[in-house]
Peer 1: 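Take this structure first; my questions come after.
Any value given below was found using the heavy atoms of this structure, including those in side chains, with hydrogens, waters and symmetry copies removed. These numbers come from a predicted model, not from an experiment. When a residue number appears, it is its place in the shown sequence, counting from 1.
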Amino acid sequence: MTVLDIDYVRACFPALSEPALAGQAFFENAGGSYTCRQVIDRLSRFYHQRKVQPYAPYAASHAAGAEMDEARSRLAALMGVDEDELSFGPSTSANTFVLAQAVRGWLKREGGAVVVTDQDHEANSGVWRRLADEGIEVREWRIDPDTGHLDPAGLAQLLGDGRVRLVCFPHCSNVVAEINPVAEICAMARAAGAFTCVDGVSYAPHGLPDMGALGADIYLFSTYKTYGPHQGLMLIRREVGELLPAQGHWFNAGTLHKRFTPAGPDHAQVAACAGLADYIDALADHHAAAGQRSGGAPSVDGAHRVQRDAERALAAPCPSPLDRAREVHRLMREHEIRLLRPLLDQLAGRNDVRLLGPSEAGLRAPTVALALDRPAEQVATALAAHGIMASGGDFYAVRPLEAMGVDRTRGVLRMSFVHYTSEAEVAQLMLALDAVL
């Protein structure tokens, strides 16, 4: 089976070859990832050639609008939704805030309860909890205080009376990092007559969501944490999108992807999001060609190999965008899990740190938060002297930290990576941890 070509991947990220960053290993990806070359190229081209009002009849404007439309259509296809079920906004926090205003209007009219968790980043918790100020019932699905685990059995109890209309929860927490069983949770909610809103910010960098497989009604994530520009994406299924009251201009209410966009999007950044699709496609193409070369006839060099690969590509059935995204997701996750295992094993051998979340690599995202016996920011500062870029604090995850008994004044040391992280960088981190802990 094909494995991730880390050299090819790293060549797609200009920051990883910047002289100013030489020797520095980036472990703060959960706060914002490096940007792939495909996105940078599109953003630069837009500002140079297409920074005009889009959708007008002249050539530059036509090109600007076409590239924005391309971003929506290609990303939607990679995630298995219709084009108009994808909305762009300034951030996930902003998108969730707007969505909560729509839910407020809906539930004030129709009645019903909302479920939130104490495992979430505040962006997918606070806006929903404030609905209680409007008389809307808000129920809390609580984590295990020792492990941070979000048990579906606890949700079942909250759904029992049939009054819940919306369940809001994370694909994985930005500090606990356990990957929640999204498909199971969404099925439970739907059976009880409730919609689901999944915060995918901490998971999407490790693989784009397959909306059909997950069964979510709403899924939100941030492209600036997923190798792209500073935008928030909201996938909202037509059924719930047309049910909720529109929050944009009244004359745009008939267009689903504009219903929850109160202000005009950043045109250049929307267009640059097509670079994410370019990157996913490039990974899929590269690894498909590598898989073809690894089997069959003995390898050949130069023009003969190029010709042979082209012939195979023409002969092979073209996978759908969703299938391509699934394969890239697999490549990313297998690489991340392989790199995460030795780090978790190292931490398991220490009795002076508390790892939040599971100790098994396959059950979590590669976001590792440690509660220490001293302020985490001090340790992050010490790591910086070893070329490790990480930080300490609460990371807007105050509720899960408090639920798990973590001292907020100390916070947690968080180290997070994605698929472009190398084995050598993880080894550098492990040596640095031995030196400073």
Peer 1: Say whether R129 and S125, considering side chains only, have a donor N or O and an acceptor N or O under 3.5 Å apart.
Peer 2: yes
Peer 1: Hey, does the side chain of H249 reach the backbone of F251 with a donor-acceptor pair shorter than 3.5 angstrom?
Peer 2: no
Peer 1: So, for M415 and L429, which heavy atoms are closest and what is the spacing to 0.1 Å?
Peer 2: SD-CD1, 3.7 Å
Peer 1: Hey, does V418 have a side-chain heavy atom less than 4.5 Å from the side chain of H335?
Peer 2: no
Peer 1: I'd like to know if the side chain of S91 and the backbone of A94 have a donor-acceptor N/O pair within less than 3.5 Å.
Peer 2: yes
Peer 1: Short question: side chain of Q38, backbone of I280 - any donor-acceptor pair under 3.5 Å?
Peer 2: no
Peer 1: For the atom pair CG (D151) and CG (D144), what is the distance rounded to the nearest 0.5 Å?
Peer 2: 8.5 Å
Peer 1: Rounded to the nearest 0.5 Å, how far does CG of L99 lie from CG of L166?
Peer 2: 7.5 Å
Peer 1: Can you name the nearest heavy-atom pair linking A216 to C186, along with the distance?
Peer 2: CA-SG, 3.7 Å
Peer 1: Do the side chains of N95 and F221 get nearer than 4.5 Å, heavy atoms only?
Peer 2: no
Peer 1: Report yes or no: does W141 contribute a side-chain atom to a donor-acceptor pair with the main-chain N or O of P152 at less than 3.5 Å?
Peer 2: no
Peer 1: For A204 and T226, work out which heavy atoms get closest and say how close.
Peer 2: O-CG2, 3.8 Å
Peer 1: Once rounded to the nearest 0.5 Å, what's the spacing between atom SG of C197 and atom CG of D217?
Peer 2: 9.5 Å
Peer 1: Does a donor on one side chain sit under 3.5 Å from an acceptor on the other, for T117 and D120?
Peer 2: yes
Peer 1: Taking the side chain as everything from C-beta on, heavy atoms only, tell me whether C168 gets closer than 4.5 Å to V114.
Peer 2: yes
Peer 1: Among residues two or more places apart or on two chains, list those pairs meeting side-chain hydrogen bond (donor to acceptor under 3.5 Å, both in side chains) that have a residue in residues 206-215.
Peer 2: H206-E336, D210-R326
Peer 1: Would you check if the side chain of S61 reaches a backbone N or O of Y58 as a donor-acceptor pair within less than 3.5 Å?
Peer 2: no
Peer 1: Would a 4.5 Å heavy-atom cut-off, applied to side chains only, mark Y279 and V39 as touching?
Peer 2: no
Peer 1: Can you list everything that forms a side chain to side chain contact (heavy atoms under 4.5 Å, CB included) with D266? Sequence neighbours excluded, please.
Peer 2: Y47, Q231, A268, Q269
Peer 1: Would you please say whether a donor-acceptor pair under 3.5 Å links the side chains of H287 and D5?
Peer 2: no
Peer 1: Would you confirm whether R414, through its side chain, and G392, through its main-chain N or O, come within 3.5 Å as a donor-acceptor pair?
Peer 2: no
Peer 1: Side chains of Y34 and Y227, heavy atoms from C-beta outward: is any pair under 4.5 Å?
Peer 2: no
Peer 1: Give the table of side-chain donor-acceptor pairs shorter than 3.5 Å for residues 62-82, with sequence neighbours excluded, one pair per line with atom names and distance.
Peer 2:
from : atom 1 : to   : atom 2 : distance (Å)
E67  : OE1    : R50  : NH1    : 2.5
E67  : OE2    : R42  : NH1    : 2.7
E67  : OE2    : R45  : NH2    : 2.7
D69  : OD1    : Y55  : OH     : 2.6
E70  : OE1    : R42  : NH1    : 3.2
E70  : OE2    : R42  : NH2    : 2.9
E70  : OE2    : R74  : NH1    : 2.8
R72  : NE     : L86  : O      : 3.1
R72  : NH2    : H257 : ND1    : 3.2
S73  : OG     : D69  : O      : 3.2
S73  : OG     : E70  : O      : 3.2
R74  : NH1    : D278 : OD1    : 2.7
R74  : NH2    : D278 : OD1    : 3.2
R74  : NH2    : D281 : OD2    : 2.9
D82  : OD2    : R238 : NH2    : 3.0

Peer 1: I want to check something: taking the side chain as every heavy atom from C-beta on, are P145 and M404 in contact at a cut-off of under 4.5 Å?
Peer 2: no
Peer 1: Output yes when E327 and R330 qualify as a salt bridge under the 4.0 Å nitrogen-oxygen rule, no when they do not.
Peer 2: yes
Peer 1: Mind checking whether V175 and L401 have side chains closer than 4.5 Å, heavy atoms only?
Peer 2: yes
Peer 1: Using a cut-off of 6.0 Å, state whether more than 12 heavy atoms not belonging to R142 lie near its atom CZ.
Peer 2: no
Peer 1: To the nearest 0.5 Å, what is the distance between OH (Y224) and SG (C273)?
Peer 2: 13.0 Å
Peer 1: Quick one: does F27's side chain get under 4.5 Å of L383's, heavy atoms only?
Peer 2: no
Peer 1: Indicate yes or no: does R408 engage D394 in a salt bridge with an N to O separation below 4.0 Å.
Peer 2: yes
Peer 1: Is it the case that the side chain of R259 and the backbone of L244 share a donor-acceptor pair, with hydrogens and angles ignored and the cut-off at 3.5 Å?
Peer 2: yes
Peer 1: For N174 and S202, work out which heavy atoms get closest and say how close.
Peer 2: CB-OG, 3.2 Å
Peer 1: Mark yes or no for whether S33, through its side chain, and N29, through its backbone, hold a donor-acceptor pair below 3.5 Å.
Peer 2: no
Peer 1: Establish, from distance only, whether the side-chain atoms of H171 and Y219 form a donor-acceptor pair under 3.5 Å.
Peer 2: yes
Peer 1: Go through the steps for E122 and R399 under the test salt bridge (Lys or Arg N to Asp or Glu O under 4.0 Å), then give the verdict.
Peer 2: CA-CA 8 Å; E122 191 63 16; R399 296 180 197 274; 2.9 Å; yes
Peer 1: So, are E184 and R190 salt-bridged, with charged N and O less than 4.0 Å apart?
Peer 2: no
Peer 1: Begin from the C-alpha positions of T255 and D84 and carry the test side chain to side chain contact (heavy atoms under 4.5 Å, CB included) through to its verdict.
Peer 2: CA-CA 7 Å; T255 303; D84 62 348; 5.7 Å; no
Peer 1: Answer yes or no for R165 and F195: cation-pi contact, defined as NZ/CZ to six-membered ring centre under 6.0 Å and angle to ring axis within 45°.
Peer 2: no
Peer 1: Take atom CD of Q157 as the centre, draw a 6.0 Å sphere, and report whether it contains more than 12 heavy atoms from other residues, nucleotides or ligands.
Peer 2: no
Peer 1: Please step through ring pair (Phe, Tyr, Trp, His ring centres under 6.0 Å) for the pair H267 and F88, ending with a clear verdict.
Peer 2: CA-CA 10 Å; H267 300 150; F88 291 95; over 10 Å; no
Peer 1: How many angstroms lie between SG in C172 and CG in D199, if you round to the nearest 0.5 Å?
Peer 2: 8.5 Å
Peer 1: Which pair of heavy atoms, one from A102 and one from F260, lies closest together, and at what distance?
Peer 2: CB-CE2, 3.9 Å
Peer 1: Run the salt bridge (Lys or Arg N to Asp or Glu O under 4.0 Å) check on R338 and E423 step by step: do they pass?
Peer 2: CA-CA 9 Å; R338 182 172 64 82; E423 189 172 358; 3.5 Å; yes
Peer 1: Pair H419, L331 - check side chain to side chain contact (heavy atoms under 4.5 Å, CB included), show working.
Peer 2: CA-CA 8 Å; H419 69 286; L331 290 166; over 6 Å; no
Peer 1: Does the side chain of S320 come under 3.5 Å of the side chain of D323 through a donor N or O and an acceptor N or O?
Peer 2: yes
Peer 1: Are S173 and Q119 close enough, and set up right, to give a side chain to side chain donor-acceptor pair (under 3.5 Å), and what steps lead you there?
Peer 2: CA-CA 6 Å; S173 160; Q119 194 191 57; 5.4 Å; no
Peer 1: For T261 and S87, which I'm curious about, is there any donor-acceptor pair between the side chains at under 3.5 Å?
Peer 2: no
Peer 1: Please name the pair of heavy atoms, one in H230 and one in T223, separated by the smallest distance, quoted to 0.1 Å.
Peer 2: C-OG1, 4.4 Å
